[in-house]
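Indexing begins at 1, ligand by ligand and atom by atom, following the structure's order. Each residue takes its place number in the sequence, starting with 1.
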Amino acid sequence: MRLFPKMKEDAVRAIKKPDDFMGGDIPDFAAISAAAAKRSNGAEAGCPWISEGLLIYIPVAGSTNSYAKELAAKGRAEGTVVIAGGQTEGRGRLGRKWDSAIGKGVYLSVILRPRIQPSEIGALTLAAAVAVVEAVNELLGSGYAGVKWPNDVLVKKPADTKTRKICGILAEMMCGEGGIEHLVLGIGINVNHVECDFPAELREKAVSLRMAYERINGVDRIFCRAAVTAALLSWLEKGYNRYIAGDRAGVMDDWRRYSLTIGREVLFEANGVRMSGMAKDIDINGKLVVSLEGGEEKILNSGEIILKGKAGFI
Ligand code: BTN
């Protein structure tokens with residue numbers, strides 16, 4: 001069954017391409033559709049978000065999440081994707097800024113209307129993180145990307161001193177009396193950044209596909225952002241459909257398989273108190289189970305953890 005209704009009005013594509021935008025590989029609708037068709041050897045893309053034209057491309061947005069939230073509030077269909085070439089007010093989790101250099105990364109937000117309870121959203125964002133790992137591993141080679149709870153995607157070494165963040169996910173939902181009205185899932189992937197494209201405070205912590213590829217293969221490769229977008233959307237749609245179809249245990253098992261968190265010492269804050277413990281597992285709702293010294297268990301709902309490792313903290 002197709003979850004996403006076919007859009008009838010062409011106007012919803014609303015692709016804007018100002019003449020002065022020189023983005024090189026502009027990830028616009030046509031480029032993404034072409035990349036999606038190439039993925040499926042010229043056959044139908046197999047991803048209605050792409051093949052049915054639910055894409056809105058904005059060369060430079062404030063924040064794609066803010067824009068998608070406005071559209072969602074006006075009733076725009078599930079599966080609509082707002083994609084930007086760059087963002088001036090990219091937002092991250094916990095009130096942080098998401099650095100969104102123009103022409104360097106993939107910045108997009110998907111409107112979803114899952115029939116689930118607000119308390120189940122955490123698990124859905126873990127499913128999205130699994131999809132990103134699958135897309136990144138498709139591009140870099142399997143085994144390099146993994147997840148830091150709840151939904152940061154990191155790339156492991158080689159030839160690097162630290163595991164670094166390549167992608168962040170920001171889920172924002174609107175609830176009404178009947179539960180979730182809509183959810184906007186915002187994803188930012190660092191694609192063609194080199195170290196100096198990141199602000200100084202992120203240079204030790206962030207990595208792009210290009211930087212990781214160079215570390216792995218010793219070759220400087222510029223990625224086509226349309227192809228990265230097409231890969232991301234098709235993995236994301238698969239993961240979302242699987243989650244909605246009820247295979248949560250399978251999604252959580254995949255998350256565990258890609259986990260860079262379970263079995264590691266983690267630092268976190270609970271009710272204003274700094275604590276540390278061993279990340280033991282995630283539950284079916286994607287909550288993190290941490291064993292404290294002395295055997296007590298703490299269940300973390302959301303927030304942030306810091307992973308302690310040989311090479312420091314991330
Ligand atoms: C995080 O790790 O803190 C989450 C970062 C999420 C960034 C993406 S980029 C596309 C979308 N629009 C935003 O303003 N934020 C998300």
Undergrad: Considering only the protein, which heavy-atom contact is closest to atom 11 (C) of ligand 1, and what is its distance?
TA: Thr64 OG1, 3.2 Å

Undergrad: Could you go step by step and tell me if Ile56 and Arg76 meet the side chain to side chain contact (heavy atoms under 4.5 Å, CB included) rule?
TA: CA-CA 11 Å; Ile56 296 174; Arg76 202 46 77 75; 3.4 Å; yes

Undergrad: By number and element, which atoms of ligand 1 are closer than 4.0 Å to a non-hydrogen atom of Ile187?
TA: 8 (C), 9 (S), 10 (C)

Undergrad: What do you reckon, does Gln87 put a non-hydrogen atom under 4.0 Å from ligand 1?
TA: yes

Undergrad: Could you tell me whether Lys287 and Glu297 have a side-chain N and a carboxylate O separated by less than 4.0 Å?
TA: no

Undergrad: Within the 4.0 Å heavy-atom shell around Arg91, which atoms of ligand 1 are there?
TA: 5 (C), 6 (C), 7 (C), 13 (C), 14 (O), 15 (N), 16 (C)

Undergrad: For Trp255 and Thr261, run side chain to side chain contact (heavy atoms under 4.5 Å, CB included): C-alpha distance rounded to whole Å, both residues' side-chain angles, the deciding distance at 0.1 Å, then the answer.
TA: CA-CA 10 Å; Trp255 193 95; Thr261 306; 4.1 Å; yes

Undergrad: If we count only N and O atoms by modelled type, under 3.5 Å, do the side chains of Asn65 and Ser109 hold a donor and an acceptor together?
TA: yes

Undergrad: May I ask you to identify, for Leu108, whether its side chain, its backbone, both or neither come under 4.0 Å of ligand 1 on a heavy-atom basis?
TA: backbone

Undergrad: Looking at ligand 1, does any of its N/O atoms fall within less than 3.5 Å of an N/O of Glu89?
TA: no

Undergrad: Taking only heavy atoms of Asp152, which atoms of ligand 1 are found under 4.0 Å from at least one of them?
TA: 2 (O)

Undergrad: Which of the atoms in ligand 1, numbered in the order shown and given with their element, are less than 4.0 Å from a heavy-atom of Gly90?
TA: 14 (O)

Undergrad: Under a 4.0 angstrom heavy-atom cut-off, which atoms of ligand 1 come close to Gly92?
TA: 1 (C), 3 (O), 4 (C), 5 (C)

Undergrad: For Phe198 and His193, take the angle between the two ring planes, folded into 0 to 90°, and tell me which bin it lands in: parallel under 30, tilted 30 to 60, perpendicular over 60.
TA: parallel

Undergrad: Which residue and atom name correspond to the protein heavy atom nearest atom 5 (C) of ligand 1, and how close is it?
TA: Trp98 CE3, 3.3 Å

Undergrad: If you measure from the Lys or Arg side-chain nitrogens to the Asp or Glu carboxylate oxygens, is any gap between Glu172 and Arg91 under 4.0 Å?
TA: yes

Undergrad: Do Lys205 and Asp152 meet the salt-bridge criterion of a basic N to acidic O distance under 4.0 Å?
TA: no

Undergrad: Please tell me whether Leu202 and Leu307 are part of a single hydrophobic cluster in this structure, the criterion being side-chain heavy atoms less than 4.5 Å apart.
TA: yes

Undergrad: Please write down residue, atom name and distance for the protein heavy atom closest to atom 2 (O) of ligand 1.
TA: Lys165 NZ, 2.6 Å

Undergrad: Consider every N or O of Arg93 and every N or O of ligand 1, then say whether any pair is closer than 3.5 Å.
TA: yes

